[in-house]
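See below for the structure under consideration.
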Amino acid sequence: MILATWNVNSINTRLTHLLDWISFVKPNVVCLQETKIVDEKFPFSELEALGYSIQVYGEKSYNGVAILSDKPLSNVVRGLHQEVGPGSRRTIAGSYGDIRIVDVYIPNGGEVGSDKYAYKLEWLSSLQSYMANERAKHENLVLCGDFNIAPDDRDVYDPKEVNGTIMCSEAERNALEAIRATGLVDVFRKVHDQAGLFSWWDYRMNAFRRNIGFRIDHIWASPLMADKVKTIYIDREPRKLEQPSDHAPVVAEFL
DNA sequence: ATGGTGGATGGTCCA
């Protein structure tokens, strides 16, 4: 089973890249973030033509998540707990056979100490309780998406430069660790331990060419599920194209 | 401290 996660930064602008990439990689499940589109306007037909069933939870201009799957998901849940409304369409979950999949777009957080940062930490706390509940219910569980947090020094281009700033602050990393401690494994780190493997590069300052990046897009799984990983990689190819998303897709294959 | 770029939008906000 091949599962991918990709922050596309607008499904409309990235649709051609997404269709080409999916046709090449042929994932069974694709978790998308930052679709930036209301559900009625999602490009269903183009993706259905590739054989995918689609579940969406979007809003105008900002945020928005979706899951594409080659067989329909069951028990789809939108949002964390009871939250509704704009600014919060960041989570969609569903069951692919006996695998529970949770797709998240964790808030960016602006700058450390800002209102947005406080919101990010609150949101992470809410995700922790959500995931504790999911973990209690599902033996095979995947949490994936744009976490907007680089877990450790290997996941940033220059720890001395960025530790303590957004995506790399102690409070964010502690909150992320608390979510992991509900019973999940960073599948990428189960396979690769080297530094400098990033999933996001700022559009500015030729950051991609200079590999000034961060590993903030993740696939986490419950232990038995993580044990079944065959390969996991970050696909930098789409980031090299004209008009790319600033994020690269992450792909995992499970036996 | 600022600004560098890109998406949605039609002013700025967000990342």
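Keep in mind the model is a prediction, meaning the values are calculated, not measured. In what follows, every chain begins at residue 1, and chains take the letters A, B, ... in the order their sequences are listed.
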| request: Please name all residues satisfying side chain to side chain contact (heavy atoms under 4.5 Å, CB included) with A/K26, sequence neighbours left out, ordered by chain then number. | output: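 If we apply the side chain to side chain contact (heavy atoms under 4.5 Å, CB included) test to A/K26, skipping adjacent residues, there are no hits.
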
Whole-Å gap separating [atom2] ([N]) and [atom1] ([X]):
X: A/M205; N: B/dT5; atom1: CE; atom2: P; result: 9 Å
X: A/R204; N: B/dA15; atom1: CZ; atom2: P; result: 12 Å
X: A/E34; N: B/dT5; atom1: CD; atom2: P; result: 19 Å
X: A/L15; N: B/dG7; atom1: CG; atom2: C1'; result: 15 Å
X: A/F208; N: B/dG6; atom1: CZ; atom2: P; result: 14 Å
X: A/D246; N: B/dA8; atom1: CG; atom2: P; result: 12 Å
X: A/K60; N: B/dG10; atom1: NZ; atom2: P; result: 5 Å
X: A/W123; N: B/dA15; atom1: CH2; atom2: C1'; result: 16 Å

| request: Decide whether A/S125 and A/E122 meet the rule of one side-chain donor and one side-chain acceptor closer than 3.5 Å. | output: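 Not at all, the side chains of A/S125 and A/E122 share no donor-acceptor pair under 3.5 Å.
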
| said: Is it true that A/R89 and A/N63 share a donor-acceptor pair across their side chains at a distance under 3.5 Å? | reply: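 Note: A/N63 and A/R89 side chains miss the donor-acceptor criterion.
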
| Which comes earlier along DNA chain B counting from the 5' end, the contact point of A/P107 or that of A/T35, where each point is its nearest nucleotide? |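 Here A/T35 is the residue nearer the 5' end.
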
| message | Return whichever of A/N12 or A/N7 has its heavy-atom-nearest nucleotide of DNA chain B closer to the 5' end. | response |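 Mapping each residue to its closest nucleotide by heavy atoms, the 5'-most match is A/N12.
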
| request: For the pair A/W201 and A/F214, evaluate ring pair (Phe, Tyr, Trp, His ring centres under 6.0 Å) and give the outcome as yes or no after the intermediate values. | output: CA-CA 7 Å; A/W201 305 260; A/F214 297 78; 9.9 Å; no

Please measure how far the [atom1] atom in [N] lies from the corresponding atom in [M], and state the result in whole Å.
N: B/dG3; M: B/dA8; atom1: P; result: 24 Å
N: B/dG11; M: B/dA1; atom1: P; result: 31 Å
N: B/dT9; M: B/dC13; atom1: P; result: 15 Å
N: B/dT2; M: B/dG6; atom1: P; result: 23 Å

Quick check for you: among [options], whose closest atom lies nearest to any side-chain atom of [X]?
X: A/S10; options: B/dA8, B/dT5, B/dT9; answer: B/dA8
X: A/R14; options: B/dG7, B/dA15, B/dA8; answer: B/dG7
X: A/Y203; options: B/dT5, B/dT9, B/dA15; answer: B/dT5
X: A/Q243; options: B/dG4, B/dG7, B/dA8; answer: B/dG7

| message | Quick check on B/dT9: is either OP1 or OP2 less than 4.0 Å from any side-chain nitrogen or oxygen of A/S61? | response |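 For A/S61, the contact criterion (side-chain N or O under 4.0 Å from OP1 or OP2 of B/dT9) is met.
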
Table of protein N/O atoms under 3.5 Å from nucleotides 11-13 of chain B N/O atoms:
from: B/dC13; atom 1: O2; to: A/Y62; atom 2: OH; distance (Å): 3.3

| query | Nearest 0.5 Å, what's the OG-NZ distance between A/S95 and A/K137? | reply |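 Atom-to-atom, A/S95:OG and A/K137:NZ are 9.0 Å apart.
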
| field | Within 45° cone of A/F208 ring axis and under 6.0 Å: A/R239 NZ or CZ | value |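 Geometry flag: set, cation within 6.0 Å and 45°.
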
| task | Please say whether the positively charged group of A/K71, taken as NZ for Lys or CZ for Arg, lies over the ring of A/Y96, i.e. under 6.0 angstrom from the six-membered ring centre and within 45 degrees of the axis. | result |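 A/K71 over A/Y96 ring: yes.
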
| When the ring planes of A/H247 and A/W200 are compared, do they come out parallel, tilted or perpendicular, using 30° and 60° as the limits? |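 Correct class here is tilted.
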
| query | Contact class for A/Y105 (heavy atom, under 4.0 Å): base, sugar-phosphate, or nothing? | reply |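 Here A/Y105 touches the backbone only, sparing every base.
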
